[in-house]
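First the proteins, then the strands, lettered A, B, ... as listed; each starts at 1. What you are looking at is a predicted structure, and each value in this text was computed from that prediction instead of being measured.
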There are 2 protein chains.
Amino acid sequence: MTHLPYDPYNRNCPTRKLLDRIGDRWTVLIVGALGEGPQRFGEIARRVDGVSQKMLTQTLRGLERDGLVRRTVFAEMPPRVEYALTPVGQTLREPLRALEDWAREYMADIEGARDVYDDAAVNVA
Amino acid sequence: MTHLPYDPYNRNCPTRKLLDRIGDRWTVLIVGALGEGPQRFGEIARRVDGVSQKMLTQTLRGLERDGLVRRTVFAEMPPRVEYALTPVGQTLREPLRALEDWAREYMADIEGARDVYDDAAVNVA
DNA sequence: CAGTATCCAAAATGATACTG
DNA sequence: CAGTATCATTTTGGATACTG
């Protein structure tokens, strides 16, 4: 029995880890927002529709921890904190953009298929 | 005040919907597995390390509903059911592969940064 | 402004037992 | 084999109140 070329399906493979990393509701959106340039906490909060303060803080901390985002605190009053993608963080933009492009091209099809499927189910019920 | 070129951050934008669609623990992995060819339920279950029967069924049903996967039941005994990506499902492979490539290239960096960050935190504590 | 601390609700996932 | 049904649990996320 030969083994697979590689095993993205085994736990602890890189893909799996990435999924754990970006597979939450906010990470991808926040990286996307920061892709347009460094921004302050409040700006990101306003831009990413629906994030709570808690989730924004938590997600940014996680990204900082992983070296994808740099956090700069200016010793001013009132406080100013700026977030920016690091060079590694920048590299994430491209694959995420590919996903975004896919979404723009196909999500309507998906929703169409979904409606058809649900209608069929209703007819059966 | 000009508006943004497009708003992937607003609820109900395509990107947001895609994230809702694939942003769970199993969808991406299962699509990846099916990318290697049509497979039976049990094969997928064995290949995707850690999926429970329940989650596999649930995820496959969702993908079928959205027109990304086709489910074929053979009237045999014991039952045989084959899952395959639809043409639209196939198109998802490319952006997902981009993400996979990124993971293979950068996840080690991420984990390194994470260790550094955590060590620093410990020293402070 | 940019957080932190708590508490709580809801959603996602897992374990287990059973079936055509 | 390929599911379904149910229950328990683990995560996640949101609301709210408070602070340097």
Side-chain angles (χ1 to χ4, degrees), chain A residues 9-12 16-31 33-34 38-66 69-84 117 121 124-125, chain B residues 9 11 16-31 33-34 38-66 69-84 117 121 124-125:
Chain A
Y9 311 121
N10 194 298
R11 297 175 156 101
N12 301 115
R16 202 86 156 214
K17 289 177 179 171
L18 176 63
L19 256 24
D20 285 345
R21 184 63 200 79
I22 68 172
D24 57 71
R25 206 177 304 308
W26 303 112
T27 295
V28 168
L29 265 5
I30 291 171
V31 170
L34 288 175
Q39 280 160 78
R40 302 181 57 174
F41 185 90
E43 294 179 90
I44 306 171
R46 277 186 297 280
R47 179 174 313 222
V48 181
D49 187 27
V51 235
S52 65
Q53 208 170 24
K54 170 184 164 183
M55 290 315 297
L56 182 53
T57 300
Q58 187 174 304
T59 305
L60 286 168
R61 287 283 180 287
L63 288 167
E64 190 196 0
R65 175 178 180 239
D66 288 357
V69 159
R70 178 175 35 79
R71 176 172 181 266
T72 309
V73 182
F74 296 89
E76 304 174 356
M77 197 57 183
R80 184 159 70 93
V81 182
E82 193 178 85
Y83 292 89
Y117 185 98
V124 172
Chain B
Y9 310 121
R11 298 178 155 99
R16 202 87 156 216
K17 288 177 180 171
L18 176 62
L19 255 25
D20 286 344
R21 186 60 199 81
I22 68 172
D24 58 73
R25 208 178 303 308
W26 304 112
T27 296
V28 168
L29 266 3
I30 291 172
V31 170
L34 289 176
Q39 280 160 76
R40 301 182 59 173
F41 186 90
E43 294 179 90
I44 307 172
R46 276 186 298 278
R47 180 174 311 222
V48 179
D49 186 27
V51 235
S52 64
Q53 209 169 23
K54 171 184 162 182
M55 290 314 299
L56 183 52
T57 300
Q58 187 173 305
T59 305
L60 285 168
R61 286 283 180 286
L63 287 166
E64 190 196 0
R65 174 179 180 238
D66 288 357
V69 161
R70 178 176 33 81
R71 177 174 182 265
T72 310
V73 182
F74 296 89
E76 304 173 357
M77 197 56 183
R80 184 161 69 93
V81 180
E82 193 177 86
Y83 292 90
Y117 185 99
V124 171

Within this structure, what is the [atom1]-to-[atom2] distance between [X] and [N], rounded to whole angstrom?
{"X": "A/Glu76", "N": "C/dC1", "atom1": "CD", "atom2": "C1'", "answer": "11 Å"}
{"X": "A/Asp20", "N": "D/dT11", "atom1": "CG", "atom2": "C1'", "answer": "12 Å"}
{"X": "B/Gln58", "N": "C/dT13", "atom1": "CD", "atom2": "P", "answer": "7 Å"}
{"X": "A/Leu19", "N": "C/dT13", "atom1": "CG", "atom2": "P", "answer": "11 Å"}
{"X": "A/Leu56", "N": "D/dT12", "atom1": "CG", "atom2": "P", "answer": "18 Å"}
{"X": "B/Met55", "N": "D/dA8", "atom1": "CE", "atom2": "P", "answer": "19 Å"}
{"X": "B/Arg21", "N": "C/dA12", "atom1": "CZ", "atom2": "P", "answer": "11 Å"}
{"X": "B/Asp24", "N": "D/dT12", "atom1": "CG", "atom2": "P", "answer": "13 Å"}

In Å and rounded to the nearest 0.5 Å, what is the CZ to CG distance from A/Arg47 to A/Leu56?
12.5 Å
List the residues meeting salt bridge (Lys or Arg N to Asp or Glu O under 4.0 Å) with [X], not counting sequence neighbours, and say none if there are none.
{"X": "A/Arg70", "result": "none"}
{"X": "A/Arg80", "result": "A/Glu76"}
{"X": "A/Lys17", "result": "B/Glu111"}
{"X": "B/Arg65", "result": "A/Asp118"}

Earlier contact from the 5' end, DNA chain D, for A/Val51 and A/Pro78:
A/Val51
Does A/Met77 or A/Arg25 map to a spot on DNA chain D nearer the 5' end, using the closest nucleotide for each?
A/Arg25
A/Arg46 (side chain) donor-acceptor with A/Phe41 (main chain) under 3.5 angstrom:
no
Quick check: does any side chain N or O of B/Gln39 sit under 3.5 Å from a backbone N or O of B/Ala84, one acting as donor and the other as acceptor?
no
N-O pairing of A/Asp20 and B/Arg25 below 4.0 Å
yes
Enumerate all atom pairs, one protein N or O and one N or O from nucleotides 2-7 of chain C, separated by less than 3.5 Å.
residue : atom : partner : partner atom : Å
C/dA2   : OP1  : A/Arg40 : NE           : 2.9
C/dA2   : OP1  : A/Arg40 : NH2          : 3.1
C/dA2   : OP2  : A/Gly42 : N            : 2.8
C/dG3   : OP1  : A/Arg61 : NH2          : 3.2
C/dG3   : OP1  : A/Arg71 : NE           : 3.3
C/dG3   : OP1  : A/Arg71 : NH2          : 2.6
C/dG3   : OP1  : A/Tyr83 : OH           : 3.4
C/dG3   : OP2  : A/Tyr83 : OH           : 2.5
C/dG3   : O3'  : A/Arg61 : NH2          : 3.4
C/dG3   : N7   : A/Gln53 : OE1          : 3.2
C/dG3   : N7   : A/Gln53 : NE2          : 2.5
C/dG3   : O6   : A/Gln53 : OE1          : 3.3
C/dT4   : OP1  : A/Arg61 : NH2          : 3.3

Return one dot-bracket line describing DNA chain D 5' to 3' (Watson-Crick or G-U wobble pairs, both distances under 3.5 Å; ( ) same strand, [ ] crossing, | another strand, . none).
||||||||||||||||||||
Should B/Arg71 and B/Leu60 count as side-chain neighbours, where that means a heavy-atom distance under 4.5 Å?
no
